[in-house]
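Inspection log for the structure reproduced underneath, given as structure tokens.
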Amino acid sequence: MSPAAKKTATKKTTTKTVSKKTASKSGGEKALVIVESPAKSKTIKKILGPNYTIEASLGHVRDLSSKNDLGFDVNNGFKPSFVILPEKKKVVSKLNSLAKESDKIYLASDPDREGEAIAWHVKEVLKVPEDKIFRIEFNEITPKAVKYAVEHYRQIDMDKVQAQQTRQILDKLVGYKLSPILWKQLGNYHLSAGRVQSVALRMICEREEEIDAFTPVEYWTISALLEKDGKPFEAELTKFVGSKIEINNEEEALKIKADLEKQNYTVSNVSKRETTRKPTAPFITSTLQREASSKLGYGVSKTMQIAQKLYEGIELEEGSVGLITYMRTDSVRISDDAQAMAKDFILNNYGENYYPSSPNTYGKKGKNVQDAHEAIRPSYPERTPESIKQYLTPEQYKLYKLIWNKFMSSQMASAKIANKTVDITAGDYELRTGSSKVVFDGFLKLYQDSEEEAEAKIPDLSEGDKLKLNDILPKQHFTQPPPRFSEASLVKALEEYGIGRPSTYASIITKIQQRQYVEKQDKALVPTFLGKTVCKQLVTQFTDIMDYAFTAGMEEKLDQIAEKKAVWNDVLQKFYDPFIDTVNDVMSNAQKIRIESDVTCPNCGRKMIVRTNRYGQQFLGCSGYPECKTILSLDKSGAVINNQEEPEKADEKCEKCGGDLYIKNGPYGRYTECAECKDRKSIVKSTGVTCPKCGEGEIIERRSKRGVMFFGCNKYPDCDFVLWNEPTGEKCPECGSLLTKRSLKSGEVIECSNRSCSYKAKQ
């Protein structure tokens, strides 16, 4: 047993002994409850009362040390070394101060592995007797759930902590070992690789390859516009001489149309049946993200941010109230209490017909499902969306309504649908039409998982009816390539492969966009040229790391660690040995890769090659460099920017040689280039505003080393005044600081540059 494990075992034994003695708390005892986010504090304080102090750790307080490179010793069972984060030293100091004044400390971080690890790290930095520290968790911030958690405290689950720690070490191993290879091969020190993010990138790149390779195939359909008793309707051609008909081109379609125009149309069969449509399970993280995307147009990160606020607490008339259960879950289970509350609400508001004969229960298939928590549901089912709408922002209201309707509908009776199918004969041809009608709406009264097709209105048809033909309508179609991933469909794909967990989906999708490997076009995720290049290198050289099944298998091993079915450092060792051999082999042979483009140099005709500047941006440079110094800028997709446009001639001459200067566009803005000596200078955009700090300089538009635009004094480095937004030249009417402007979708906003001033006005 490792020293850390012995220490933990000792702590568990000690705390168990003392917990019995302190189980009944006198009214005079003071308790400290440590949560992750300060947003929960008001809600929990209102529930627990004045004897409880609620303080936030603001997430993790410690991280792996960087002193010994990785923060863990690969030669000593991957023993980690943790240090307090510099920005959390004041937080830790305050937590210790409050802990020393408290009789009990409850660690109430989120109810998942990450939360368990945060609780353990907080416990490790508290300088108080360990028999005062307890772990509590709740799935919803309601009086019943919070008070129950306090009464049923437990010890920290070190198996969950070690599972999280293993994930952290795995991710750091992959990132720290693979990224330098990309730097060396692609000459870009801004690149990074990730254990899960790189696999998600592969999914997007492979889908793009499928789209590029797709060849559309033409096909036709034919409908007949028919009529009975003056009531028109459409029927689709389905068969010829009893077999399914396929129409491949216009010639075939027109021939069939001419033939159909000669036929008599008779109803040959009418079949009716009633089907039952059952409600689907309440939301889990992935299904909430998908539905919020399709119904509300919210991105994954936005959905989780809104849900987080609804979970932590909204200010209602009676104070802060947590409105939904924990939003990071892959379980569809709901509690007996919630089921009973839903039953009462349905019976009282909709009637007995809308409640099933026995309660609806749901089970999610898959061996990786964590069923410790409930599905996402309203904490108080009786709080309808309309009843609290006035307290919510429009976005909060829409998401809460989606969650409330989904949960309540999941407990309602099935809908009953009457379906009618009508077959029509026309010589050797068969056509079909039909309709469906909701005869009992059941759960559909509240929720539909997808947009229902408009009900086809057809007349009352009976077998043997003669029909009038009004027109034949041939339509040309082409097979479509698979769609690009949206954020929602990528989450679904990751879930189906077993890659990642509810708590990681949003961060995975955010990272690949921040790294500029993927960009969002409308709602579609499109790989950039850079993303395709990185993906190709990783897939070619690290088959296992980029393999879907391998990545999903690692998730299973993490689950096994949490369930005491695997030893964390054994799992790491089995991963590390073959991984590091591959890394060393690739690194020893790694050479800078010359990526040739299809573009020829406009000046000398040689091939242009992909290069990377010091800011990590890619461009095309002539392969004849240094004899030919021609470069072409690229956009994110790898397309050449303004390749065909004639550069604009500047009014002034080159300061070095007196040659003509031409104005060009680059990835970092406009610049001048001399036609003779190729000397370049950035074109500085002045705001015309005098620097308020030195009173002499002028504020100009500048760019950071990473290409981020900002505004600063042109007297730099003598004056270091900077702004992120463009100054207007006017002063704030409240504090006198400079006013700045920035553009939003809703319009331009004028706001004070002084962060402590709240002045803001829309133009």
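In this text the structure is predicted, and so the values were computed from the model without any measurement. Worth knowing before you read on, the calculation uses all heavy atoms, side chains too, and leaves out hydrogens, waters and symmetry mates.
- Shown here is Lys715, whose NZ atom has no more than 12 heavy atoms of other residues, nucleotides or ligands within 6.0 Å.
- Taking all atoms of both residues into account, the shortest heavy-atom contact from Lys42 to Ser320 is CB-CB, 3.8 Å.
- Here Tyr576 contributes atom OH and Leu170 contributes atom CG; the two are 12.5 Å apart, rounded to the nearest 0.5 Å.
- Relative ring orientation between Phe72 and Phe78 is described as tilted, the plane-to-plane angle lying within the 30° to 60° band.
- Residues Leu399 and Leu288 meet the side-chain proximity criterion, which asks for heavy atoms closer than 4.5 Å.
- Annotation: the span from Ile34 atom CD1 to Ile105 atom CD1 amounts to 7.0 Å, rounded to 0.5 Å.
- A salt bridge links Arg195 with Asp171: at least one charged nitrogen is closer than 4.0 Å to a carboxylate oxygen.
- To the nearest 0.5 Å, the span separating CG on Asp570 from CD1 on Ile561 amounts to 9.0 Å.
- Within 6.0 Å of the OH atom in Tyr716, the count of heavy atoms belonging to other residues, nucleotides or ligands does not exceed 12.
- At a cut-off of 3.5 Å, with distance as the only test, no side-chain donor of Gln197 or Gln514 sits close to an acceptor on the other residue.
- Looking at every heavy atom in both residues, Lys89 comes nearest to Ile84 through CG-CG2, 4.0 Å.
- The main-chain N or O of Gln162 is found under 3.5 Å from a side-chain atom of Thr166 such that the two form a donor-acceptor pair.
- Contact of the Val518 side chain with the Leu201 side chain is registered, since non-hydrogen atoms from C-beta on lie closer than 4.5 Å.
- Evaluation of the side chain to side chain donor-acceptor pair (under 3.5 Å) rule for Glu114 yields His60, Gln164 as partners, not counting sequence neighbours.
- Note: Leu173 CG to Phe575 CZ = 6.0 Å, rounded to the nearest 0.5 Å.
- A cation-pi arrangement, defined by a distance under 6.0 Å to the six-membered ring centre and an angle within 45 degrees of its axis, is absent between Arg135 and Trp120.
- Checked by atom type, the side-chain pair Gln573/Asn569 shows no donor-acceptor distance below 3.5 Å.
- A salt bridge is absent between Lys172 and Asp63: the closest approach of a Lys/Arg side-chain nitrogen to an acidic carboxylate oxygen does not fall below 4.0 angstrom.
- Here the side chains of Phe711 and Val689 are not in contact, with every heavy-atom distance at 4.5 Å or above.
- No donor-acceptor pair under 3.5 Å is formed between the side chain of Ser81 and the backbone N or O of Gly71.
- Note that OG1 of Thr533 is 9.0 Å distant from CG of Leu191, once rounded to the nearest 0.5 Å.
- Between the side chain of Arg202 and the backbone N or O of Met546, at least one donor-acceptor pair lies under 3.5 Å.
- Contact annotation: the side chain of Lys40 approaches that of Asp110 to within less than 4.5 Å [non-hydrogen atoms, C-beta and beyond].
- With Gln541 contributing its side chain and Gln537 its backbone, the two residues share a donor-acceptor pair below 3.5 Å.
- The aromatic rings of Phe579 and Phe542 sit tilted, their planes meeting at an angle between 30° and 60°.
- Listed here is the closest heavy atom pair of Val300 and Gln289: CG1-NE2, 3.4 Å.
- Looking at Pro527 and Cys535, their side chains never come closer than 4.5 Å, going by heavy atoms from C-beta outward.
- Within a 6.0 Å radius of NZ in Lys557, other residues, nucleotides and ligands contribute 12 heavy atoms or fewer.
- Taking the six-membered ring where tryptophan is involved, the planes of Tyr106 and Phe134 are tilted, since the angle between them lies from 30° to 60°.
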**Q.** Pair Asn725-Lys741, side-chain contact (heavy atoms from CB on, under 4.5 Å): steps then yes or no
**A.** CA-CA 6 Å; Asn725 299 319; Lys741 60 183 178 182; over 6 Å; no
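- Considering only heavy atoms from C-beta on, Asn139 stays 4.5 Å or farther from Thr329 through its side chain.
- Judged purely by atom type and a 3.5 angstrom limit, Thr325 has no side-chain atom pairing as donor or acceptor with the backbone of Glu140.
- In this structure, Asn96 and Lys127 approach most closely via the heavy-atom pair OD1-N, 2.6 Å.
- Contact check for Ile699 versus Phe721: side-chain heavy atoms found under the 4.5 Å cut-off.
- Asn714 is linked by a side chain to side chain contact (heavy atoms under 4.5 Å, CB included) to Glu698, Ile700, counting only residues two or more places apart in sequence or in another chain.
- Side-chain N or O atoms of Thr285 include one that pairs as donor or acceptor with a backbone N or O of Met327 at under 3.5 Å.
- Judged purely by atom type and a 3.5 angstrom limit, Ser198 uses its side chain to pair as donor or acceptor with the backbone of Gly194.
- Side-chain contact between Asp159 and Glu563 is absent, with no heavy atoms from C-beta onward closer than 4.5 Å.
- We find that Asp559 and Arg113 are joined by a salt bridge, their nearest charged nitrogen and carboxylate oxygen being less than 4.0 Å apart.
- Considering all non-hydrogen atoms of both residues, Ile324 and Tyr311 come closest at O-CD1, 3.3 Å.
- Within a 6.0 Å sphere centred on OH of Tyr176, heavy atoms belonging to other residues, nucleotides or ligands number 12 at most.
- Of the possible donor and acceptor atoms, none in the side chain of Asn51 sits under 3.5 Å from a partner among the backbone N and O of Ala31.
- Side chain of Lys132 to backbone of Ser102: a donor-acceptor contact under 3.5 angstrom is found.
- Between Val583 and Leu178 the shortest heavy-atom distance is CG2-CD2, 4.0 Å.
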Q: Take Glu87 and Leu58, measure what side-chain contact (heavy atoms from CB on, under 4.5 Å) needs, and give me the verdict at the end.
A: CA-CA 10 Å; Glu87 66 271 22; Leu58 304 175; over 6 Å; no
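- Between the side chain of Asp103 and the backbone N or O of Lys30 there is at least one donor-acceptor pair closer than 3.5 Å.
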